[in-house]
Participant: 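For reference, the structure I am asking about is given below.
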Amino acid sequence: MENKRLNNKQGLLALSPLIVFVLFYLTLSIIAGDFYKVPITVSFATASIYAIAISSGSPLAKRVDIFSRGAGSSNLLLMLWIYVLAGAFAESAKEIGSINATVNCALSYLPPDMLLPGLFFAACFISISIGTSVGTIVALVPIAAGIAHMTESSIPLMTAVIVGGAYFGDNLSFISDTTVVATQTQGCKMSDKFRVNSMIVVPVALGVLVIYAIMGQGLAAPTRIQPFSMWKILPYVVVLLVALAGMNVMAVLTLGTLLCGCIGMLDGTYDLYGWFGAMGKGITGMGELVIVAMLAGGMLEVIREKGGIDYLIEKLTAHVSSKRGAELSIAALVSLVNVCTANNTVAILTVGGISKKIGDRFGVDNRKAASILDTFSCAVQGLIPYGAQMLLASGLARLNPVEIIPYLYYPLAIGVAAFCAIIFRYPKKYS
């Protein structure tokens, strides 16, 4: 797209598809009193049609082509392949009883009071080890949902515990793509960024852990814990170990699915065609998730093409005049672009260069700037219902993404903590 300055009317028009999506979904759902009444696919389809319709100045075929480019971008398609493999693995594991076996194993060794903090700690540990929120969600959400069923507790709450913990590592891990991009664009060492970042978010993680421990006090113990086979738990153990070893998430899911097939056929749970059927069921179960991701990708590409993201950047940096203002503008930039792109890595890449210029101009420590970029992008990504991680978690737990949001304490808390770090100039050494 040719770079040109947009006036307020043009800029708001460029951003309006996102506004239409939010208003359409929330308004009709509130009127109906039920978020299931308005499928999120219909909301995105409506906003996408609107986005194409208002993109005047070019033939309809060209506008559809722009939308299709976003819906079929390489980053998005990579995520869709992960969804497909995750569906195949999740259903293959479920069919051989892996979820039930893992749940019964956890219930055997963890007292009911410690289930919530135990799951959150596990998600934090795994995510910081493998550097990906997606891998953590794939591995732990089915187990969390199974525990919720067994203990008759809230499935959205248990799912949110895992999603929150997944962002701990996404934000802090040395091998997380957001950490790599944030440090590269701001020109600082990963270890320095980790030091600043951990001062802000580790106290938050400890606080959330305490909150979950308190909330878990009323958790009902299961009336009966079924016997379980350790062989059925093996797929999850292998998936976690090879992910911790640094294997690509797609290879991890493929290996897990093959292992499920071998175990299932050896113990007679299913034959070859039964395994294929389980994989097919899991893949088709991700259909809505794939459609939502493609519609969102196409709509957001139209917004970018029309200059909506550039307009946001221009407006947010127009009146910066102090170090605190510079840090706040960096936070607002990455947050709003993340809302528009639904990808925290892409959001950091998009605003990283201009954030570096803002920081250099007003004397912002590059380590603090990298921390702000990473933390705010993870906070926003963890809270938007159409983010890849939220869609994946809701698909695996068979939930509406909106049901999970009220329980996402950690993403919200790190956003608040990062905002306070800017306002109150913390950590002092880097502010």
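We're numbering straight along the sequence, starting at 1.
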Participant: Going through the checks in order, is the side-chain contact (heavy atoms from CB on, under 4.5 Å) test met by I128 and F174?
Facilitator: CA-CA 8 Å; I128 201 169; F174 281 78; over 6 Å; no
Participant: With R361, which residues qualify under side-chain hydrogen bond (donor to acceptor under 3.5 Å, both in side chains), at least two apart?
Facilitator: none
Participant: Please check if the side chain of Q217 supplies one atom and the backbone of A213 the other of a donor-acceptor pair under 3.5 Å.
Facilitator: yes
Participant: Is there a side-chain contact (heavy atoms from CB on, under 4.5 Å) between V204 and V208? Walk through the geometry before answering.
Facilitator: CA-CA 6 Å; V204 172; V208 171; 4.3 Å; yes
Participant: Before giving the answer on side-chain hydrogen bond (donor to acceptor under 3.5 Å, both in side chains), spell out for D170 and S176 the whole-Å C-alpha distance, their side-chain angles and the decisive distance to 0.1 Å.
Facilitator: CA-CA 6 Å; D170 200 331; S176 167; 3.2 Å; yes
Participant: Among side-chain atoms of Y311 and N8, is any donor-acceptor pair under 3.5 angstrom?
Facilitator: yes
Participant: If I take atom OG1 from residue T46 and atom CG from residue L23, how far apart are they, to the nearest 0.5 angstrom?
Facilitator: 12.5 Å
Participant: Any side-chain heavy-atom pair from I155 and E403 closer than 4.5 angstrom?
Facilitator: no
Participant: Only one of T375, I348, L172 passes side chain to side chain contact (heavy atoms under 4.5 Å, CB included) with T178; say which it is.
Facilitator: I348
Participant: Any side-chain heavy-atom pair from L255 and L259 closer than 4.5 angstrom?
Facilitator: no
Participant: Is there a donor-acceptor pair under 3.5 Å between the side chain of Y430 and the backbone N or O of R195?
Facilitator: no
Participant: Determine the minimum heavy-atom distance between F362 and K323, stating which atoms define it.
Facilitator: O-CE, 3.7 Å
Participant: For residues 328-357, pull every pair meeting salt bridge (charged side-chain N to carboxylate O under 4.0 Å, His left out), keeping only residues two or more places apart or in separate chains.
Facilitator: K356-D360
Participant: Charged N to carboxylate O under 4.0 angstrom, E327 versus R324?
Facilitator: no
Participant: Give me the atom names and distance for the closest heavy-atom approach of A51 to S55.
Facilitator: O-OG, 2.7 Å
Participant: Taking 4.0 angstrom as the limit, do R63 and E305 come out as a salt bridge?
Facilitator: no
Participant: Restricting to non-hydrogen atoms, name the atom on A123 and the atom on V161 that form the minimum distance, rounded to 0.1 Å.
Facilitator: CB-O, 4.5 Å
Participant: Do K368 and R425 make a side-chain contact, defined as non-hydrogen atoms from C-beta onward lying under 4.5 Å apart?
Facilitator: yes
Participant: Can you tell me how far the CG atom of D310 sits from the CD1 atom of I303, to the nearest 0.5 Å?
Facilitator: 12.5 Å
Participant: Taking side chain as C-beta onward, heavy atoms only, is L392 less than 4.5 Å from V134?
Facilitator: yes
Participant: Can you name the residues that form a ring pair (Phe, Tyr, Trp, His ring centres under 6.0 Å) with Y212, not counting sequence neighbours?
Facilitator: F120, Y409
Participant: How long is the gap from CD1 on I137 to OG on S394, to the nearest 0.5 Å?
Facilitator: 9.5 Å
Participant: Considering only heavy atoms from C-beta outward, does the side chain of L157 approach that of M215 to under 4.5 Å?
Facilitator: yes
Participant: Any chance CZ of F121 has more than 12 other-residue heavy atoms, nucleotides or ligands included, within less than 6.0 Å?
Facilitator: no
Participant: I'd like to know if the side chain of T27 and the backbone of F24 have a donor-acceptor N/O pair within less than 3.5 Å.
Facilitator: no
Participant: Does OH in Y270 sit with more than 12 non-hydrogen atoms of other residues, nucleotides or ligands closer than 6.0 Å?
Facilitator: yes
Participant: At what distance, to the nearest 0.5 angstrom, does OH of Y386 lie from CZ of F21?
Facilitator: 7.0 Å
Participant: Given side-chain contact (heavy atoms from CB on, under 4.5 Å), test T136 with Q389 step by step and report yes or no.
Facilitator: CA-CA 10 Å; T136 305; Q389 294 86 343; over 6 Å; no
Participant: Does the side chain of L373 reach to within under 4.5 Å of the side chain of S355, using non-hydrogen atoms?
Facilitator: yes
Participant: State whether the side chain of Q184 and the backbone N or O of V181 hold a donor-acceptor pair below 3.5 Å, judged by distance alone.
Facilitator: no
Participant: Run the numbers on W81 and M250 for side-chain contact (heavy atoms from CB on, under 4.5 Å), then give the verdict.
Facilitator: CA-CA 8 Å; W81 304 143; M250 296 180 72; 3.4 Å; yes
Participant: Does the plane of the ring in F89 sit parallel, tilted or perpendicular to the ring in Y236? Use 30° and 60° as the thresholds.
Facilitator: perpendicular
Participant: So, do L272 and W275 sit near enough that their side-chain heavy atoms are less than 4.5 Å apart?
Facilitator: yes
Participant: Look at the aromatic rings of Y273 and F276 and report parallel, tilted or perpendicular, splitting at 30° and 60°.
Facilitator: perpendicular
Participant: Give the minimum heavy-atom separation between M286 and A86, together with the two atoms involved.
Facilitator: CE-C, 4.5 Å
Participant: For S16 and I19, indicate whether the former's side chain and the latter's backbone hold a donor-acceptor pair under 3.5 Å.
Facilitator: no
Participant: Would you say N197 and N171 are linked by a side-chain donor-acceptor pair, where the criterion is simply a distance under 3.5 Å?
Facilitator: yes
Participant: With distance as the sole criterion, is a donor-acceptor pair present between the side chains of K193 and N366 under 3.5 Å?
Facilitator: no
Participant: What's the separation between atom CD1 in I414 and atom CG in L383, rounded to the nearest 0.5 Å?
Facilitator: 8.5 Å
Participant: For the residue pair P385 and L391, what are the closest heavy atoms and their distance?
Facilitator: O-CD2, 3.6 Å
Participant: How long is the gap from OG1 on T183 to CD on Q186, to the nearest 0.5 Å?
Facilitator: 9.0 Å
Participant: Do M294 and F44 touch side chain to side chain, with heavy atoms closer than 4.5 Å?
Facilitator: no
Participant: Could you report the tightest heavy-atom contact between A90 and L396, atom names first, then the distance?
Facilitator: CB-CD2, 3.7 Å
Participant: Please find out if less than 6.0 Å separates the ring center of Y167 from that of Y410.
Facilitator: no
